[in-house]
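Only one structure is covered here, and it is reproduced in the block below.
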Amino acid sequence: MDESGRRRQQWRNHPSSSSSSTGHTRFRSQQYSSNPTKTTRSSNFVPRSTTTTGTTPHNTRNPGYVPKWKSVSNANNQQEGETEAGEEVGSIVGTCPFMCPEGERAQRERLRDLAIFERLNGDPRKTSAALAVKKFCRTISLKYVQASDVRPLSVLEDTLNYLLNLLDWSEHPFEVVHDFIFDRTRSIRQDLGMQNIVNDRAICMYEKMVKFHAVSHHRLQNCGSSSISSLQYLNMEQLMKTLASLYTLYEANHSSNSISENEAEFRSFYVLLHLDSKSQQREESLSFWFRRVPSLVMKSKEMHFARQVLRFYRMGNYRSFLCTVSAEASYLQYCIIEPYVNEVRALAVSYINNCCYKLHPYPLEHLSKLLMMKESDMESFCHACGLKTLSDDGGNKLLPTKQTTFCNPKGSFQSCSILGLEQYQRFEEFVRCL
């Protein structure tokens with residue numbers, strides 16, 4: 001018997017096998033379709049459709065259902081109020097004529113939630129339209145944002161200038177002044193984002209806020225408060241976020257053959273903030289970042305300076321690093337570079353301590369010139385590195401080499417300015433920069 005004959009014989013011998021299977025299938029379908037009321041009693045039941053309607057179980061389960069990936073994204077956005085506001089409320093136009101909306105001002109008076117700079121005659125329960133400034137609100141509900149609570153561009157410009165003028169105040173420690181301006185400038189960025197303002201005036205405002213954070217980065221190094229490390233961390237965090245927003249504004253306003261007036265210098269800040277390769281672990285590689293920088297910026301003297309400093313730092317060429325910074329750094333660039341200066345000097349001291357001849361101590365006068373600092377500061381720096389100094393018969397200070405007690409200076413050690421840049425230590429220069 002051929003193959004087809006055998007198959008026909010098997011079908012005759014077992015005719016119920018296929019029909020029973022079909023019967024069971026038909027019975028199951030009738031069981032679930034005969035009483036649709038019972039099957040849809042559960043609110044989680046999702047009926048299957050035999051037609052293509054574009055509706056999936058994820059969006060038919062509940063009209064307000066949000067997929068998991070989207071809820072995570074929204075949660076991340078809510079960590080930064082100004083980002084979320086700028087994305088979802090881009091068409092609002094602010095009408096508040098004051099630095100602080102009247103409703104918020106009245107509420108904060110009732111709650112005694114007034115900063116020392118906002119109090120009328122020192123009274124924590126009284127303020128005025130000329131003193132109160134809108135606070136940053138992380139948990140802002142965008143559904144209830146009203147135009148009367150958002151400040152237009154002209155008011156935001158006046159508010160920012162008012163805040164930066166507070167830096168002239170000498171009655172309070174810098175960290176107190178910084179804390180107030182820090183919060184209120186975040187509120188300004190939030191209002192700019194909610195109105196989606198991306199013109200040249202917004203660029204100017206963002207540049208001023210970057211200057212504030214950059215110079216604060218320098219000033220906070222010399223403050224003795226116990227909480228200064230947390231202030232430095234938060235200030236650096238906002239500096240990076242403000243720079244990112246500023247770069248977005250630059251790109252939105254680029255024309256074919258031109259860049260913004262100060263773009264080259266502000267782009268160089270990103271490179272100077274990432275001299276240490278460890279700081280790039282959570283950032284994109286500088287080589288990839290350079291590819292997105294306009295060619296006009298890459299050819300600028302500011303970017304050339306930043307790339308030179310980057311190369312000298314990573315090569316350990318302390319002499320070229322210090323000479324280049326002393327000769328070419330702008331004030332703002334120096335403010336960002338200053339924390340690295342002590343690292344480079346400590347590297348130089350370790351070289352000399354390990355490599356010089358033990359029987360011939362190294363003169364501190366020569367070392368201070370090499371590292372571009374005062375001799376008295378040089379002696380203090382050697383002590384901060386765990387090294388002892390001595391004096392010869394002529395009263396000259398010397399550094400004995402081959403000491404095994406070398407260590408990097410602690411973060412609390414006050415940085416010494418590079419000789420020739422002492423003017424950058426003056427507070428008047430600090431305020432003038434803003």
Side-chain angles (χ1 to χ4, degrees), residues 217-224 228-229 232 272-279 305-331 333-426:
H217 183 63
H218 161 67
R219 289 280 296 178
L220 289 171
Q221 300 286 331
N222 301 319
C223 294
I228 204 65
S229 59
Q232 290 173 329
L272 299 177
L273 286 167
H274 294 85
L275 295 184
D276 189 351
S277 57
K278 295 179 181 178
S279 64
F305 163 78
R307 298 180 72 180
Q308 271 193 317
V309 170
L310 173 67
R311 181 163 54 253
F312 294 145
Y313 179 86
R314 295 193 174 179
M315 289 173 58
N317 189 340
Y318 60 88
R319 182 61 179 168
S320 296
F321 177 91
L322 295 173
C323 289
T324 303
V325 171
S326 177
E328 300 180 32
S330 69
Y331 176 58
Q333 288 172 331
Y334 176 74
C335 289
I336 293 174
I337 293 172
E338 188 190 30
Y340 296 104
V341 171
N342 273 352
E343 295 182 26
V344 172
R345 285 171 169 164
L347 180 66
V349 171
S350 70
Y351 287 165
I352 291 170
N353 178 61
N354 292 327
C355 301
C356 289
Y357 191 45
K358 185 175 182 179
L359 297 179
H360 293 89
Y362 203 90
L364 284 188
E365 181 182 3
H366 180 66
L367 183 58
S368 64
K369 291 179 180 178
L370 189 66
L371 301 185
M372 307 182 72
M373 57 195 306
K374 297 177 182 178
E375 186 174 349
S376 58
D377 293 334
M378 187 73 253
E379 184 176 14
S380 300
F381 187 77
C382 288
H383 294 163
C385 291
L387 303 178
K388 297 180 180 179
T389 58
L390 52 84
S391 301
D392 62 11
D393 295 337
N396 299 312
K397 297 289 185 179
L398 304 172
L399 173 66
T401 57
K402 304 298 183 182
Q403 298 185 50
T404 60
T405 56
F406 175 84
C407 62
N408 286 313
K410 296 181 179 180
S412 59
F413 181 80
Q414 185 170 347
S415 180
C416 302
S417 64
I418 297 176
L419 287 178
L421 297 179
E422 295 90 345
Q423 73 274 14
Y424 289 169
Q425 297 288 340
R426 296 201 303 265

Qualifying salt bridge (charged side-chain N to carboxylate O under 4.0 Å, His left out) pairs with a residue from residues 394-407, counting only residues at least two apart or across chains: E379-K397
Residues that N354 engages under side chain to side chain donor-acceptor pair (under 3.5 Å), provided they are two or more places apart: none
Aromatic plane relationship, Y313 with Y340 - under 30° parallel, 30 to 60° tilted, over 60° perpendicular: perpendicular
Closest contact, heavy atoms only, G386 versus Q403: O-OE1, 4.5 Å
Separation between CD1 of I337 and NE2 of H217, rounded to the nearest 0.5 Å: 10.0 Å
Trace of the side-chain contact (heavy atoms from CB on, under 4.5 Å) decision for L371 with V349: CA-CA 9 Å; L371 301 185; V349 171; 4.0 Å; yes
Which residues share a side chain to side chain donor-acceptor pair (under 3.5 Å) with N396, sequence neighbours left out: D392
Gap between atom CD1 of I336 and atom CG of L272 - 0.5 Å precision: 6.0 Å
Main-chain N/O of L322 paired with S326 side-chain donor or acceptor, under 3.5 Å: no
For L364, the option from S376, C382, S391 that meets side-chain contact (heavy atoms from CB on, under 4.5 Å): C382
Derivation of the side-chain contact (heavy atoms from CB on, under 4.5 Å) call for L275 and R314: CA-CA 7 Å; L275 295 184; R314 295 193 174 179; 5.7 Å; no
Donor-acceptor contact present, side-chain Q333 to main-chain S330, <3.5 Å: yes
Q232-S229 side chain donor-acceptor pair, cut-off 3.5 Å: no
Polar side-chain atom of R345 near backbone of M372 as donor-acceptor pair, under 3.5 Å: yes
Smallest separation among heavy atoms of C356 and Y362, with atom names: SG-CD1, 3.8 Å
Partners passing side chain to side chain donor-acceptor pair (under 3.5 Å) against Y318 (at least two apart in sequence or in another chain): none
Closest heavy-atom pair and its distance - F381, P409: CE1-CG, 3.8 Å
Under the salt bridge (charged side-chain N to carboxylate O under 4.0 Å, His left out) test, residues paired with E365 that sit two or more places apart: K369
Nearest-0.5 Å distance, NE2 of residue H274 to CG of residue L310: 11.0 Å
Interatomic spacing from CG in L370 to NE2 in H366 - rounded to 0.5 Å: 5.5 Å
Short side-chain to backbone donor-acceptor contact, N353 and T401, under 3.5 Å: no
L398 CG to K388 NZ distance, which is reported to the nearest 0.5 Å: 15.5 Å
Counterpart residues, side-chain contact (heavy atoms from CB on, under 4.5 Å), relative to L347 (two or more places apart): S350, Y351
Rounded distance (nearest 0.5 Å) linking atom CE of M315 with atom CZ of F321: 13.0 Å
